[in-house]
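These numbers come from a predicted model, not from an experiment. All values below come from the heavy atoms of this structure, side chains included, with hydrogens, waters and symmetry mates left out. For ligands, and for the atoms within them, numbers begin at 1 and follow the listed sequence.
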Amino acid sequence: MKADEAVKKRARELAEQLNRHNYLYHTLDAPEISDDEYDALFRELRDLEEKWPELATPDSPTARIGSGVLPGLERKRHTQRMYGLDNVFSAEEWQAFVERIQRLWAKEGEGGLETAFWCDPKLDGLAVELVYEQGRLTQALTRGDGESGEVVTAQARLIRNLPLVFMGAGPWPDMIEVRGEVVIFRKDFVELNERQARHGLKIFANPRNAAAGTLRQLDLEVAGSRPLRFLAYGIGAVEWGSAIPCETQAGLAERFSAWGLQIPPSGKLCLTPSDVVEYVEWARVNRDSFPMEIDGVVAKLNSLAAQRKIGFTGRAPRFAVAFKFPALEAETRLLNIEIQVGRTGALTPVAILEPVPVGGVMVSRATLHNEDEIRLLDLRIGDIVHVRRAGDVIPEVTGPVLSKRPEDAREFRFPGVCPACGQPVHREPDEAVWRCDNLACPARNLRTVMHFVSSAGLDIKGLGEKWIERLIDAGIIRSPADTLYLKAEDLQDFERMGPVLANKFVESVRTAVRNATLARLIGALGIRLVGAHVAQNLAAHFHDLGEVAAASREELLAVPDVGPEVAASIADFFATPANRETLARMRAAGLWPVSQEHEPAEGPLSGKSVLFTGVLSRPRSWFQERAAEAGAKLASSVGKGLDYLVAGDKPGSKLQKAQNLGLKILNEEQFLNLLKEGENG
Ligand code: IVH
């Protein structure tokens, strides 16, 4: 059966609405409806398309969920070569560039050149050309070597901020090659790497690499799950047809926006060459507030007719230039390598450098990541090294300058013992990091306690790192729980502490305990691979820390974003006796928040507590969900307050204990009958 007119009309309406909301969300960053409302529209359209497959066009918003695997990447020639850009690094070089254009122009005998430039940020991603025919996306090609690139049409169709069909009523050009950059925004990049880490997948070195890898990704489900964006800044070949031709870069930017394409942020028409210098200075100062990584400004002569006249050299346009920011890289001497111990016991090598300014900031320390990295870079102490500072991240050493290696440069040997506690360290065969496993290691302790009191943890204000260090050295603090028991008397006798600071700290502990939520507390524990996001999911799923601690692997895996590695890390944490003791002491100190999102439902088991034990016919989490839906509270241990123990095969000690206490014990069937009673009544 074919879809009737009413159905077709509804499908068109839904596609239009979805396209519009997609645009509001991904391009303008200004959504008008909630994710749930969007999902409802999406599902309605997908259901219609499932019922009437002829409605499912390749341009449909439902086609933007990637699926399938491509056999490989095909190469194809560009209709017009995609050039690179020449660089200038200073106002003087810029001035020389402008004078050269003016000379070229004069040679053509065209009279005075209007030196207005369209300026926008130089994006650090990869260049791509999209072909739109009659307003429909038909091809995407990477820049490649400029002459030919790789066909990435299927991957590009999954980029959410790019229109599959131009917005507005047209008329659109018969054919237009839109050039631009595929990038990943910084905040999306952080989330992407967090997600990769949670799933035990590769961590990307920078947004550019992640974007390049994703665009060439053959598995479209993977490509579709990554946050790529396309920003349009130029054109290749174009057949305007009945559309009004565009004559300036500024006009192109306007046209792109009207068609629903995103353009680089903060682009500006600069009327004179010195306005360009001012714009570059503004962009440099504000570099870190751009949503994506940028490494300069691209200045393009505004008039497209003048661009055509002035033309290209063998490798770059003469009418445009990249005005690069001063390098965020410098050379300096590697004086030493120190080892820092983190709260998970990870030993991180840190480069101690002869202080050097990098992008306006003095740098004297930089991360070296791990032992393999040092070997891979072939770093020796005494080497002259490249230091790089990208955006607001920690400076890193990117390699030695081999031609300047001194005779006496010496190799670094990773220590076999922890520099803080002297205990032997170990390295798992499939891991790059050495770890100190000594839970009582003072350096680990310091980091654990610092995390616990930090704003990422319980946000206990008043004591800085130096004080925590002194309290650990004095044996007053051995674990995070000890901070809860500090009394002003314990503190005030320390030199330079005094009663004011001591009381302030004790007071802020009290406040933090009062305000602690379960999500915060879980985050504060510093469990490896459990950041704020996973902590929140755990808190929504479990009633209290006791439940998290008692959860089985299956139960943990049922929590969103908890994969096998995260589940194992959580299990390890709670299996460690020292951590169990810490939890007990937190509980005794009144720090035991219960989940706020985990309100029991109304149902036949309202007000009853239930515990499952032994092997059941389905995953335990399935039974727990049924129980929770029926209003039951899920207990974590057998005690007098327990209403029902549901026992499967091999129930073990819990059954024994429940029998001793004379509690009500059910088998699976009896439990399911209890739920049914509710339905009938
Ligand atoms: S316009 C003919 N604008 O930089 C001039 N290019 O180093 C075409 N790039 O391959 C380029 N941001 O992909 C232009 N705002 C921007 C850009 C930009 C980054 C890339 C471009 C080119 C590379 C040259």
Between [Y] and [X], is there a salt bridge with N-O shorter than 4.0 Å?
X	Y	result
Arg284	Glu281	yes
Arg143	Glu129	no
Arg308	Glu247	yes

Checklist entry - Which atoms of ligand 1 have any heavy atom of Ala127 under 4.0 Å away? => result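 The list of qualifying atoms is 13 (O).
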Item to check | Subset of ligand 1 atoms that lie under 4.0 Å from at least one heavy atom of Pro121 | outcome: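 Checking each atom against Pro121, I get 12 (N), 15 (N), 16 (C).
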Report the nearest protein non-hydrogen atom to [atom]: residue, atom name, distance rounded to 0.1 Å.
atom	answer
atom 11 (C) of ligand 1	Tyr233 CE1, 3.9 Å
atom 5 (C) of ligand 1	Leu85 CD2, 3.7 Å
atom 23 (C) of ligand 1	Lys122 NZ, 4.0 Å
atom 10 (O) of ligand 1	Arg143 NH1, 3.6 Å
atom 2 (C) of ligand 1	Pro317 CG, 3.5 Å
atom 22 (C) of ligand 1	Tyr83 O, 4.3 Å

Item to check | Nearest option to atom 1 (S) of ligand 1, as decided by whichever heavy atom of Lys300, Arg179, Lys324, Arg81 sits closest | outcome: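 Of the listed residues, Lys300 has the closest heavy atom.
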Item to check | Residue pair Arg179 / Gln80, side-chain donor-acceptor N/O under 3.5 Å | outcome: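 Gln80 and Arg179 do not have a side-chain donor-acceptor pair below 3.5 Å.
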Checklist entry - Does an N or O from Leu123, backbone or side chain, lie closer than 3.5 Å to an N or O of ligand 1? => result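 Yes - when backbone and side-chain N and O of Leu123 are compared with those of ligand 1, one distance drops under 3.5 Å.
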Next on the checklist: If we only consider heavy atoms of Gly234, is any one of them less than 4.0 Å away from an atom in ligand 1?
Outcome noted: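 No heavy atom of Gly234 comes that close to ligand 1.
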Checklist entry - Would Arg160 count as a cation-pi partner of Tyr25, with NZ or CZ less than 6.0 Å from the six-membered ring centre and within 45° of the ring normal? => result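 That pair does not qualify as a cation-pi contact.
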Next on the checklist: On the six-membered ring of Phe290, is Arg287 placed so that its NZ or CZ lies under 6.0 angstrom from the centre and within 45° of the ring axis?
Outcome noted: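 No, cation not above the ring by the 6.0 Å, 45° rule.
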Next on the checklist: Run Arg208 and Asp295 through salt bridge (Lys or Arg N to Asp or Glu O under 4.0 Å) and show every step you take.
Outcome noted: CA-CA 12 Å; Arg208 213 200 91 81; Asp295 55 359; over 6 Å; no
Next on the checklist: Tell me if a side-chain donor or acceptor on Gln196 pairs with a main-chain N or O of Ile203 at a distance below 3.5 Å.
Outcome noted: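 It does not hold such a pair.
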